[in-house]
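Heads up, the thing below is written out as structure tokens.
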Amino acid sequence: MNKKEKKIHLIIAWILLILIAILLFPDKNIALQAERPHLGQLSSRTIVAPFKFEVPKTEQEIQNEKARAAEKVNAIFEFNSDETTRLLRELEQYLKKLEQYGKMQAVISTSKDDGSDPSMQAKVQETSRIYDQLKQRLSITAIKPLSTNSVARDSLMSVFYQMMQKGVSNTLLAKTETEVSLFCNNYNIKNVKSLIYNKPFISLIKENEENTIDISEVQPMQRRIDEAFSQLQRAFSVEQGLQSAFYEALYVFTSPNIFYLEKETEARKLNASNKVTLIKGMVPRGMEIVTQGAPITKEILEKIDALQMAQQSEENAKKLTAPY
């Protein structure tokens, strides 16, 4: 046998030796992959955790849990005290001007002055000036009955105050788009700011304090005005002129003082979803994953797969740190 043939035989011998070694002493990961059982079959051997490892959740499980966590977050609304004060003061000042106009008008109408009294002329001019200011907000038909009836003015202010304390939302909470459309049709408006919302509660921030309240306590302007008008209508049931004036005044002076905090709500949803853990649990070293002959359940298979990934990661880490 010449040198060339000896060299070939030596190479073949080494190859056979390596193959025998692989068959007799397989890599842990290769062995585990080769023996990976299937769901429902009986385990051919007992598997014990050789070290501590994590069992990760599937991508679908993670996404589902993130969605559920975000869904648990209530919509956040804020009661704006400054806006409430501004709206109340605005109506109060207007009603005082109405009262002043009514009194001056009464004096002028009962006066017997023929136009020669300078003081009366000044009073007429002042009354005219106030009237011009008043009609910038309300119609003539609304100004007249309200300017002559102090009880009506006090009632309007009282009901308006109650309404603003309840809160007027800038957002309609509705379960469906159909509900939003019905709302718009009912009030003859083209659109309304709305939020499709199926939870029973919202979170309301008022005076730096946050509370959970029923969604029925958060109503848009149109519904709040209807509630307030119904109160005034019952109190002045026989005075059509005043009823019309009330309705007009409510629509002119009412604005939202409760605002939906969309960015804050979305930030809280994101924070809640980010808190979802990516692992189901931890398998400690020495824990029996499955006993020989036991059926392979979904939970067992997940642990076996997790062990395989952990072993692969461990081997990869060793290769990276191994000296060349």
Side-chain angles (χ1 to χ4, degrees), residues 65-95 137 156-232 246-276:
E65 287 189 32
K66 282 179 176 288
R68 285 195 294 271
E71 183 60 29
K72 289 179 181 179
V73 176
N74 287 333
I76 314 298
F77 285 76
E78 182 178 41
F79 182 97
N80 191 311
S81 298
D82 291 340
E83 183 66 7
T84 304
T85 300
R86 185 189 71 79
L87 292 168
L88 290 171
R89 186 183 295 118
E90 193 174 73
L91 178 59
E92 184 180 29
Q93 289 173 348
Y94 188 89
L95 292 177
R137 304 299 299 271
L156 175 59
M157 190 68 224
S158 175
V159 169
F160 188 79
Y161 176 83
Q162 292 172 33
M163 177 178 66
M164 297 313 297
Q165 289 305 311
K166 284 183 178 178
V168 179
S169 175
N170 74 329
T171 304
L172 168 69
L173 293 174
K175 288 182 169 58
T176 62
E177 290 291 351
T178 301
E179 191 177 327
V180 176
S181 297
L182 289 172
F183 178 89
C184 291
N185 291 337
N186 186 46
Y187 288 101
N188 195 27
I189 55 178
K190 289 185 177 180
N191 53 61
V192 64
K193 184 177 179 181
S194 60
L195 175 66
I196 303 304
Y197 193 71
N198 291 294
K199 294 170 66 62
F201 305 105
I202 62 102
S203 292
L204 180 66
I205 301 171
K206 185 176 182 180
E207 305 294 346
N208 296 319
E209 185 177 326
E210 185 171 329
N211 290 296
T212 301
I213 64 171
D214 194 277
I215 58 169
S216 62
E217 296 182 47
V218 182
Q219 295 295 342
M221 184 178 78
Q222 292 82 357
R223 285 180 179 162
R224 284 296 189 224
I225 288 175
D226 277 358
E227 293 170 2
F229 179 65
S230 293
Q231 280 184 264
L232 292 166
F246 286 144
Y247 200 71
E248 184 180 335
L250 287 170
Y251 259 97
V252 167
F253 288 95
T254 302
S255 288
N257 65 338
I258 287 180
F259 301 92
Y260 172 49
L261 303 183
E262 183 177 1
K263 288 185 178 179
E264 174 66 18
T265 302
E266 293 305 315
R268 292 193 187 189
K269 285 183 176 182
L270 181 61
N271 185 50
S273 64
N274 286 340
K275 287 182 178 178
V276 171

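Residues: numbered from 1 along the sequence shown.
Counting only distance, with no hydrogens or angles, the side chain of K66 and the backbone of S273 share a donor-acceptor pair below 3.5 Å. Formation of a donor-acceptor pair under 3.5 Å by the N257 side chain with backbone atoms of G167 is not found in this model. One N or O on the side chain of T265 and one on the backbone of I76 form a donor-acceptor pair closer than 3.5 Å. The closest donor-acceptor contact from the side chain of N274 to the backbone of L270 lies under 3.5 Å. With hydrogens and angles ignored, the 3.5 Å screen pairs a side-chain donor or acceptor of N185 with a backbone N or O of S181.
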Mind running side-chain contact (heavy atoms from CB on, under 4.5 Å) on E266 and K263 for me, showing each step along the way?
CA-CA 5 Å; E266 293 305 315; K263 288 185 178 179; 5.9 Å; no
Quick one, E71 with K199, criterion side-chain contact (heavy atoms from CB on, under 4.5 Å). Give me CA distance, side-chain angles, the key distance, then yes/no.
CA-CA 9 Å; E71 183 60 29; K199 294 170 66 62; 4.1 Å; yes
Go through the steps for I189 and F183 under the test side-chain contact (heavy atoms from CB on, under 4.5 Å), then give the verdict.
CA-CA 8 Å; I189 55 178; F183 178 89; 3.9 Å; yes
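A donor-acceptor contact under 3.5 angstrom links the side chains of S81 and E207, judged on distance only.
Under the ring pair (Phe, Tyr, Trp, His ring centres under 6.0 Å) criterion, F160 pairs with no residue at all, not counting sequence neighbours. With sequence neighbours left out, F259 forms a ring pair (Phe, Tyr, Trp, His ring centres under 6.0 Å) with no residue at all.
Using a 4.0 Å cut-off between charged nitrogen and carboxylate oxygen, E227 and R223 do not count as a salt-bridge pair. Salt-bridge annotation for K206 and E217: absent, with no side-chain N of the basic residue lying under 4.0 Å from a carboxylate O of the acidic one. Under 4.0 Å is where a charged nitrogen must lie from a carboxylate oxygen, and between E262 and K193 no such pair does. In summary, R89 and E92 do not engage in a salt bridge, as defined by a charged side-chain N under 4.0 Å from a carboxylate O.
Side chains of Q231 and Q162 form a contact here, defined as non-hydrogen atoms less than 4.5 Å apart. Residues Y197 and I202 meet the side-chain proximity criterion, which asks for heavy atoms closer than 4.5 Å. Looking at heavy atoms from C-beta onward, V73 lies out of side-chain contact with N271 at the 4.5 angstrom threshold. Side-chain contact between M157 and L88 is present, with at least one heavy-atom pair separated by less than 4.5 Å. Side-chain contact between N186 and L182: absent, with no pair of heavy atoms (C-beta onward) separated by less than 4.5 Å. L87 is not listed as a side-chain neighbour of V168, based on a closest heavy-atom distance of 4.5 Å or more.
For the atom pair OG1 of T254 and CD of Q222, the computed distance is 10.0 Å after rounding to the nearest 0.5 Å. Note: S255 OG to N80 CG = 11.5 Å, rounded to the nearest 0.5 Å. With values rounded to the nearest 0.5 angstrom, T171 atom OG1 is found 7.0 Å from L195 atom CG. Atom CG in L250 sits 13.0 Å away from atom CZ in R224 (nearest 0.5 Å). Atoms CG and CG, on L261 and L204 in that order, are 9.5 Å from each other to the nearest 0.5 Å. Between atom CD1 of residue I205 and atom CD1 of residue I258 there is a gap of 11.5 Å, rounded to the nearest 0.5 Å.
Among all heavy-atom pairs drawn from P256 and S169, the shortest one is CB-C, 4.0 Å. The shortest heavy-atom contact between M164 and F79 is O-CE1, 3.4 Å.
Below 30°, between 30° and 60°, or above 60°: for F77 and Y260 the angle between ring planes is between 30° and 60°, a tilted geometry.
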